[in-house]
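Since this is a predicted model, take the numbers as computed values, not measurements. Here is the naming used below: chain letters follow the sequence lines, and residue numbers restart at 1 for every chain.
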There are 2 protein chains.
Amino acid sequence: MHEPLTLGFVDELRPIPEATVARLPLYLRSLLELATDRTSTISSERLAAMAGVNAAKVRKDLSYLGSYGTRGVGYDVEHLLFEMSRELGLTRDWSVVIAGAGNLGQALAGYGGFGERGFPVVALLDTDPAKVGQTLADVPVCHLDELPSLVEAHHVTIGIIATPATAAQEVADRMVEAGVGSILNFAPAVVNVPDEISLRKVDLAVELQILSFYQQQRTGSLLPDGDALPAS
Amino acid sequence: MHEPLTLGFVDELRPIPEATVARLPLYLRSLLELATDRTSTISSERLAAMAGVNAAKVRKDLSYLGSYGTRGVGYDVEHLLFEMSRELGLTRDWSVVIAGAGNLGQALAGYGGFGERGFPVVALLDTDPAKVGQTLADVPVCHLDELPSLVEAHHVTIGIIATPATAAQEVADRMVEAGVGSILNFAPAVVNVPDEISLRKVDLAVELQILSFYQQQRTGSLLPDGDALPAS
DNA sequence: ATGTGTGAATCGGTTCACAGCC
DNA sequence: GGCTGTGAACCGATTCACACAT
């Protein structure tokens, strides 16, 4: 029984838990707010309140980045902001393409939040000849076949899938083939990618169905006929 | 303040783990696919492959719903579909309002996926007088002040927040006040709601930042100067 | 006195492995 | 023989609680 020697690739030798990684952007957002407020120092307690988590979690999470706090005082906002941005890889831009120039794809392209936060959208991709060549939300619509050259020209690292479910796997395959290293999938379909590619998914209908479950639990037994709450 | 030890409300006496609830919609999707294929029976192994999880997880998850499988055979697709729909509360429609008639709100309203799956969007809400009164993507745009009457008239149970971050908490408060029981928040802000309200969040920028982290880990050490592959 | 950093305890969820039923 | 259902083992993540630094 031998360890598969630090599996994967080299990696720096700090194993930041996945759950922590998922929260770092929350802290980052809070820190940015504090920075514009000219707040110079923040305690785990207050940062926790801002990020919507508890203080113990904040301290443990931040400790994975290093010992950037000062006992009895708190964390220096600027310094923490810097270290966290570095850790998250936000000291540079990461170019993005969005596959699927439909409703959702266009909205995502037009959603200011991306470019501003260091994720410039370099193209929308579609196969519909009526769409290719247009510029929607300031983003050129290219044919999906252009993917490899776009990736090369703009050093695209992230692909967003906003196509119908049926096209999702095909598009993902082509993204991986073209050299995209990370994929965010909005299509309601399971997509498979090689282990070395990062994949996250957001399924809007699934989110509603989860809410439906809990709603059902609360109202279900009381209201067989699906009417609203009786005024308490 | 009458909190019985079994926290919350009565509930049926099976405690379906949160992680399981979040996967049920995935199974549901797979089962719907199977049903249209006229497949009558499915093993945990095959269902797992379709849903992108492993077989042990499928069996444990499904066992929370009841013993609906047949040893040596598998699960009856139709029956499982029925039970799962019931459990998820999908035997009835749940009306939805979307706050924020901007880019994202409009896209969500136009996203066919919702209405089709039992979540009719009854209104977009905004405070911009230029938008109120229009019909976008077949959905009427109403003033946010209309929220209480809309909730009452259409038995709205789910609110989607697609406003700027600054408006999110205010909108959430008004939704809760109006009687909405579940909220899906797309705004990049932490919103607080009472314990009895279900809240889920989807933050697009956060998703990209998480991908950025892992991308960084892989390429980071190799490319001190922040440029991409030394092609060209 | 205050608030971080972190081992230790705990919890929820996943995986294993096999008994039980078809 | 094949596949489900489920205790038991395991693993990652959360929470606790306190020593330690300022």
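Residue B:Arg23 is classed as a sugar-phosphate contact, given heavy-atom separations below 4.0 Å to backbone atoms only. Contact annotation for A:Tyr68: backbone-only contact, meaning every heavy-atom pair under 4.0 Å involves sugar-phosphate atoms and none involves a base. No contact: B:Glu45 has no heavy atom under 4.0 Å from any strand.
Ranking C:dT14, D:dC16, C:dT4 by closeness to the A:Ala56 side chain, first place goes to D:dC16. Closest to the side chain of B:Thr70, from the set C:dT15, C:dC22, C:dG5, is C:dC22. Among the nucleotides D:dC18, D:dT15, C:dT14, the one closest to any side-chain atom of A:Asn54 is D:dT15.
Checking the phosphate oxygens (OP1, OP2) of D:dA13, no side-chain nitrogen or oxygen of A:Lys57 falls inside 4.0 Å. Using a 4.0 Å cut-off, some side-chain N or O of B:Tyr75 falls inside it from OP1 or OP2 of D:dG5.
The nearest whole Å value for the distance from the NZ atom in A:Lys60 to the P atom in C:dG7 is 7 Å. Taking atom CD1 on B:Ile16 and atom P on D:dG5, their separation rounds to 14 Å, with Å as the unit. Across the protein-nucleic acid pair, B:Ile42 atom CD1 and D:dG2 atom P stand 17 Å apart, rounded to whole Å. In this structure, the CD atom of A:Glu18 is 11 Å from the P atom of D:dT14, given to the nearest Å. One can place CZ of A:Arg59 at 16 Å from P of D:dC20, the figure rounded to the nearest angstrom. Distance OH (B:Tyr64) to C1' (D:dG7): 11 Å, rounded to an integer number of Å. The distance from atom CG of A:Leu65 to atom C1' of C:dT4 is 14 Å, rounded to the nearest whole Å. When rounded to the nearest whole Å, the span between CG of B:Leu80 and P of D:dC3 equals 17 Å.
Taking the charged nitrogens against the carboxylate oxygens, A:Arg174 and A:Glu170 do have a contact shorter than 4.0 Å, which makes a salt bridge.
The side-chain contact (heavy atoms from CB on, under 4.5 Å) test with A:Tyr27 is passed by exactly one of A:Thr20, A:Val53, A:Leu32, A:Leu80: A:Val53.
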Derivation and outcome, side chain to side chain donor-acceptor pair (under 3.5 Å), residues A:Gln215 and B:Thr157
CA-CA 8 Å; A:Gln215 188 81 39; B:Thr157 47; 4.8 Å; no
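Remark: side-chain polar atoms of A:Gln216 are not paired, donor with acceptor, to backbone N or O of B:Leu90 under 3.5 angstrom.
A donor-acceptor contact under 3.5 Å is formed by the side chain of B:Arg71 with the base of D:dT4.
Open room surrounds CG on A:Asp195; 12 or fewer heavy atoms of other groups in view lie less than 6.0 Å from it.
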